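Comments concern the structure below.
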Amino acid sequence: MNDSPLPASPAPDEVRGALVRWFRTNRRDLPMRAEGVSPWGTLVGEVMSQQTPMPRVQPFWRRWMELWPTPQDLAAASPAEVLVEWGALGYPSRALRLRECAIAIAGRPGGRVPADYEELCSLPGIGPYTASALVSFQFHGRIAVLDTNIRRVLLRVFAGEERPASSSPSKAERALADSLLPEDGAECAQWNVAVMEFGALVCTQKSPSCADCPIAEHCAWTRAGRPASASKLRTQAWKGTDRQARGRVLALLRERHALGDPSRTAITRARALEAARLPDADPEQAPRILDALLTDGLVVVGEDSLIRLPGA
DNA sequence: GTCCCGCGCA
DNA sequence: TGCGCGGGAC
């Protein structure tokens with residue numbers, strides 16, 4: 001997609017109507033998207049689902065809402081406890097940032113989640129996506145939400161392209177998304193969540209269910225014969241990467257911590273290096289990722305030279 | 001083996 | 001603007 005504003009070739013009203021109808025009968029029943037969830041609950045749910053599929057998030061979200069129903073509750077928790085409860089949701093730095101976010105919110109006058117986009121963006125772990133999701137879903141502000149699903153659906157339907165060329169939305173994409181927003185904030189929320197759900201369930205990245213698509217007749221990409229994008233889709237490696245090695249060290253420390261025996265929550269450097277060592281890995285990988293975990297604040301070295309979760 | 005996801009910082 | 005950052009489901 002180039003930077004010139006694109007005319008929305010299919011009729012926006014028809015696409016909106018069809019997708020909102022589709023959503024009413026096909027939406028997943030997600031507790032974190034239920035009526036009456038607090039701004040804090042929505043914030044926690046959105047941060048958890050930043051890199052993790054919704055179905056996997058739900059049990060963790062419920063648990064977190066029981067343990068820490070307000071920002072003040074999470075702000076009072078230790079980093080170690082937060083990392084343990086984060087479990088294997090992935091990217092544990094997100095859990096530490098969420099705690100920092102809770103501390104920042106608790107320190108605000110009134111101690112509540114802000115409803116303003118810029119203020120939300122200034123919080124740890126909250127970027128453009130999460131801020132716009134909160135403004136729309138929770139506060140019903142008139143704002144476009146541009147997550148990867150919505151970007152893909154809009155590009156296909158209105159620009160005839162398979163997927164975004166860049167990892168962040170262009171001006172043209174923003175202009176297109178803005179031009180499609182209903183006037184009413186509550187309707188915007190409904191539209192945003194409908195498109196997002198449609199992208200997650202039907203108009204997927206790799207194998208879209210075009211045969212079952214309620215807007216196939218409107219879709220510019222389908223009318224163009226669904227041409228493949230010029231850009232290559234590159235999937236992240238996992239096996240053997242630093243990320244996998246980091247995950248092993250954190251998993252060991254979470255297990256130890258969850259035992260509840262303070263004498264066993266810490267491990268020696270040698271034990272940590274052993275956990276970090278992957279088969280056939282570069283011998284420098286284990287010490288390197290241990291350093292990185294320390295730098296990221298995901299582990300600490302005590303005066304006893306033992307390694308533990310922060311605050312444990 | 002492939003899919004799926006946004007934030008923070010250089 | 002590009003890279004680093006997890007891990008379960010399929």
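If you're wondering where the values come from, they're calculated on a predicted model, not measured in any experiment. Order of the sequence lines sets the chain letters (A, B, ...), proteins ahead of strands, with each chain counted from 1.
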Rounded to whole Å, how long is the line connecting atom [atom1] of [X] with atom [atom2] of [N]?
X: A:Trp238; N: C:dG7; atom1: CH2; atom2: C1'; value: 5 Å
X: A:Asp242; N: C:dC5; atom1: CG; atom2: P; value: 6 Å
X: A:Arg152; N: B:dG6; atom1: CZ; atom2: P; value: 10 Å
X: A:Tyr91; N: B:dC4; atom1: OH; atom2: P; value: 15 Å
X: A:Leu146; N: B:dC7; atom1: CG; atom2: P; value: 11 Å
X: A:Leu96; N: B:dG6; atom1: CG; atom2: P; value: 21 Å
X: A:Trp86; N: B:dC7; atom1: CH2; atom2: P; value: 12 Å
X: A:Glu100; N: B:dC9; atom1: CD; atom2: C1'; value: 17 Å

Query raised in the report: Which value, rounded to the nearest 0.5 Å, describes the distance between A:Ile126 atom CD1 and A:Leu43 atom CG?
Result: 4.0 Å
Report task. Kindly point out which of B:dG8, B:dC4, B:dG6 is positioned nearest to the side chain of A:Arg97? Result ->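 Minimum distance to the A:Arg97 side chain belongs to B:dG8.
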**Report entry** A:Glu197 side chain to A:Asn26 side chain, donor-acceptor N/O pair below 3.5 angstrom
**Finding:** no
How would you label the contact of [X] with the nucleic acid (heavy atoms, under 4.0 Å): base, sugar-phosphate, or nothing?
X: A:Ile126; value: sugar-phosphate
X: A:Ser93; value: nothing
X: A:Asp147; value: sugar-phosphate
X: A:Pro92; value: sugar-phosphate
X: A:Thr204; value: sugar-phosphate
X: A:Gln236; value: base
X: A:Ser207; value: nothing

Query raised in the report: Is any side-chain nitrogen or oxygen of A:Thr130 closer than 4.0 Å to OP1 or OP2 of B:dC7?
Result: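 Yes, such a contact exists.
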Query raised in the report: Does the side chain of A:Lys206 get closer than 4.0 angstrom to OP1 or OP2 of B:dT2 through an N or O atom?
Result: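 For B:dT2, OP1/OP2 do not have a side-chain N/O of A:Lys206 under 4.0 Å.
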Query raised in the report: So, does A:Arg99 use its side chain to make a donor-acceptor pair with the main chain of A:Ala77 at under 3.5 Å?
Result: yes
Query raised in the report: Between A:Ser49 (side chain) and A:Thr52 (backbone), is there a donor-acceptor pair under 3.5 Å?
Result: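 Checked: no pair found.
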Query raised in the report: So which one's nearest nucleotide on DNA chain C is more toward 5', A:Arg248 or A:Ser168?
Result: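 Result: A:Ser168.
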Query raised in the report: Any side-chain heavy atom of A:Val145 within less than 4.5 Å of one from A:Ile150?
Result: yes
Query raised in the report: If you find the nucleotide of DNA chain B closest to A:Pro53 and the one closest to A:Pro124, which residue's nucleotide is nearer the 5' end?
Result: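 Looking at DNA chain B, the more 5' nearest nucleotide goes with A:Pro53.
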